[in-house]
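After the structure tokens below, expect a handful of questions from me.
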Amino acid sequence: CDDLNSLDGDGCSSTCVVEDGWECINEPSICERVELTPPGEDCYNASPIFTDSGEVTENYGATDDYNLPSANSCTGWPTDGPDVYYSVRLEPGETFQAIVKAFAPGGYFFYDVSIYLLRSCPATSFGCIAGADDEIFSPPEETLTFTWPTSQSQAHTFYFGIDTYCNGEFTCPTSDDFFTLTWTIE
């Protein structure tokens with residue numbers, strides 16, 4: 001790409017390389033942000049989050065691919081419901097914050113949503129590095145905040161899971177039910 005300037009952050013870098021999360025056409029290049037695609041059913045197919053902030057409403061997954069065990073140190077609760085995944089790349093010192101609100105058709109029923117950040121894919125037993133599962137009742141939302149320490153020497157891609165706790169006590173969502181994800185990367 002070549003957008004006739006030496007600025008980074010506008011889609012075409014100072015070295016004339018298309019930046020993550022952008023598509024560029026023509027020369028001089030016209031660059032536009034890439035829209036977030038639906039989340040992946042597992043971390044291998046995670047939809048990348050390229051933008052510094054945004055909000056999207058999507059459906060829950062159809063399968064349960066990853067389960068946090070009972071009394072885990074990440075969310076404190078098991079996750080036995082259908083899950084979906086996004087990937088997020090953080091530079092040292094960057095903070096990822098995600099807020100997930102759970103809904104069902106008509107918006108009258110909600111699910112016990114669990115959210116967590118995995119260090120790798122596939123997830124290992126020690127792969128969950130941050131999580132949240134605090135609110136069972138209204139408002140049905142969870143907030144996760146994670147900072148990749150400045151002591152780290154390079155960027156890292158994490159896998160953000162949106163899951164649920166069912167365990168026979170609650171109704172599990174289906175792929176017809178939905179959630180809203182709001183995020184920032186600073």
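This is a predicted model, so every value here is computed, not measured. Index from 1, following the sequence.
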Any side-chain donor near an acceptor of the partner, Asn59 and Ser175, under 3.5 Å:
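Side-chain D/A pair, Asn59 to Ser175: absent.
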Please report the shortest heavy-atom distance between Pro173 and Asp177, naming the atom on each side.
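Taking every non-hydrogen atom into account, CA-OD2, 3.2 Å.
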With a 6.0 Å cut-off on the ring centroids, do Phe158 and Phe146 count as close?
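Ring centres of Phe146 and Phe158 closer than 6.0 Å.
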Which residues satisfy the ring-ring contact (aromatic ring centres under 6.0 Å, His included) test with Phe160, sequence neighbours excluded?
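Partners of Phe160 by the ring-ring contact (aromatic ring centres under 6.0 Å, His included) criterion, ordered by chain and then number, come out as Phe96.
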If every non-hydrogen atom of Trp183 is compared with every non-hydrogen atom of Glu55, which pair is closest and at what distance?
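Closest approach of Trp183 to Glu55: CZ3-N, 3.7 Å.
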If we check side-chain contact (heavy atoms from CB on, under 4.5 Å) with Ser87, which of these qualifies: Pro39, Cys121, Pro48?
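The option that passes is Pro48.
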Set of side-chain contact (heavy atoms from CB on, under 4.5 Å) partners for Thr37, sequence neighbours left out:
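Residues passing side-chain contact (heavy atoms from CB on, under 4.5 Å) with Thr37: Ser47.
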With side chains defined as the heavy atoms from C-beta onward, is the minimum distance between Val100 and Thr180 less than 4.5 Å?
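Not touching, per the 4.5 Å side-chain cut-off.
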Does Val18 sit in a hydrophobic cluster with other residues, and if so which ones, taking ILVMFWY side chains as linked at heavy-atom separations under 4.5 Å, directly or through other members?
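Noted: Val18 shares its cluster with Trp22.
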Any donor-acceptor N/O pair, Glu19 side chain to Asp10 backbone, under 3.5 Å
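Here the side-chain-to-backbone pair exists.
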Using every non-hydrogen atom in the two residues, find where Tyr86 and Ile49 come nearest and quote the distance to one decimal.
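Residues Tyr86 and Ile49, closest heavy atoms: CB-CD1, 3.8 Å.
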Do Thr51 side-chain atoms and Ser53 backbone N/O form a donor-acceptor pair below 3.5 Å?
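Here the side-chain-to-backbone pair exists.
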With sequence neighbours excluded, what pairs up with Thr145 under the side-chain contact (heavy atoms from CB on, under 4.5 Å) test?
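For Thr145, the residues satisfying side-chain contact (heavy atoms from CB on, under 4.5 Å) (neighbours in sequence not counted) are Thr95, Gln97, Thr143.
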Apply ring-ring contact (aromatic ring centres under 6.0 Å, His included) to Phe50 and list each qualifying residue two or more places apart in sequence or on a separate chain.
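Phe50: no ring-ring contact (aromatic ring centres under 6.0 Å, His included) contacts found.
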Donor-acceptor pair, distance only, cut-off 3.5 Å: does the side chain of Gln152 make one with the backbone of Pro149?
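Checked: no pair found.
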Tell me which one of Asp64, Asp163, Asp133, Asp112 satisfies side chain to side chain donor-acceptor pair (under 3.5 Å) with Thr79.
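Only one of Asp64, Asp163, Asp133, Asp112 forms a side chain to side chain donor-acceptor pair (under 3.5 Å) with Thr79, namely Asp163.
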Using every non-hydrogen atom in the two residues, find where Arg89 and Glu94 come nearest and quote the distance to one decimal.
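Scanning both residues, the minimum pair turns out to be O-OE1, 4.0 Å.
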What heavy-atom pair brings Leu68 and Cys74 nearest, and what distance separates the two atoms?
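Smallest heavy-atom distance, with atoms named: CD1-CB, 4.5 Å.
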Does Tyr159 have its ring centroid less than 6.0 Å away from the ring centroid of Tyr116?
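No, they do not, as the ring centres are separated by 6.0 Å or more.
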Among all residues two or more places apart in sequence or in another chain, which pass the side-chain contact (heavy atoms from CB on, under 4.5 Å) test with Ser153?
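Result, side-chain contact (heavy atoms from CB on, under 4.5 Å) vs Ser153: none returned.
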Answer with yes or no whether the hydrophobic clustering places Ile115 together with Val56; edges join I, L, V, M, F, W, Y residues whose side-chain heavy atoms lie under 4.5 Å apart.
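As far as the 4.5 Å side-chain criterion goes, Val56 and Ile115 are connected within one cluster.
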